[in-house]
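Starting from 1, each residue takes its place in the sequence as its number.
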Amino acid sequence: MLKSLMIALAGLGMSTMAAAATIEEGQDYKVLEEPVKTHVEDSQIAVTEAFWYGCPHCYDLEEPLNAWVEELPEDVVFERMPATMGGAWNQHAMAFYAAQELGIQEELHSDFFTAIHEEGRQLTEPEAIADFFSGYGVSQDEALKALDSFGVKSQVNQAHARMRNMQLMGVPALVVDGRYLVTSSLAGSLDNMPKIAEALVDKVRAEQAE
């Protein structure tokens, strides 16, 4: 009985120590040299995911990230930002913002990843993207117009500027509060990225309360 109690207490102590473990700058995350402006209220915390549809690691991050996002409290605002590095990256960024303009982005997002990584579709040409979009209640003509619209091109340019300001050299990446950068190499794994981001959200929340 006493032995069991001691084992239980030891386990509780280990759990407490694990819960008290803190993240470390340079080991779990990086602080950006210049904070990037976020478009959320002062009482809210922005979390931005930089991704590319053609990136297999971004595709693998989808499941743990989406599970985390579903449980986010109201003071956390999550947004996706397609990375722009030219070529297919920019074409996929245009697809993301065109789908957003057409009101089908949330429904289409995961399927776009699946089409590329499981079905082997390139989806880099406007016609191919428009054909894919046609399965979501929009005509190919509407899709082509959205892909070539001034609004979509402007959003791609803005994403490129934000990516440079965030000093992103690759994806996937999570930026918390426009200040803290989390990558898979810093986090140790893709699964750990949301966990580090959550700890950073807690850090920002504590800073706001001071």
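- In the model, Gln91 has no side-chain atom that pairs as donor or acceptor with a side-chain atom of Thr124 under 3.5 Å.
- A heavy-atom distance below 4.5 Å is found between the side chains of Leu32 and Val175.
- Between Arg162 and Glu79, at least one side-chain nitrogen of the basic residue sits less than 4.0 Å from a carboxylate oxygen of the acidic one, meeting the salt-bridge criterion.
- Under 4.0 Å is where a charged nitrogen must lie from a carboxylate oxygen, and between Asp141 and Lys145 at least one such pair does.
- Using cut-offs of 30° and 60° for the angle between ring planes, the Trp89 and Trp52 rings count as parallel.
- Between Glu33 and Arg179, none of the side-chain N atoms (NZ, or NE/NH1/NH2) sits under 4.0 Å from a carboxylate O, so this pair counts as no salt bridge.
- Take Tyr29 and apply the side chain to side chain donor-acceptor pair (under 3.5 Å) test, not counting sequence neighbours, and it matches no residue.
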Discussion item. Using the rule given for ring pair (Phe, Tyr, Trp, His ring centres under 6.0 Å), can you reason through His117 versus Tyr53, listing the C-alpha separation, both sets of side-chain angles and the distance that settles it, and then say yes or no?
Written reply: CA-CA 9 Å; His117 295 280; Tyr53 279 122; 8.9 Å; no
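- For Glu127, the side chain to side chain contact (heavy atoms under 4.5 Å, CB included) partners at least two apart in sequence or on another chain are Glu125.
- Looking only at distances, a side-chain donor or acceptor of Glu142 sits under 3.5 Å from a matching main-chain atom of Ser139.
- In this structure, His92 has its ring center no closer than 6.0 Å to that of Tyr97.
- Phe112 has its ring centre no less than 6.0 Å from the ring centre of Tyr136.
- Taking 4.0 Å as the cut-off between side-chain N and carboxylate O, Lys153 and Asp148 count as a salt-bridged pair.
- Under the 3.5 Å distance criterion, the side-chain polar atoms of Asp75 are left unmatched by any main-chain donor or acceptor of Gln44.
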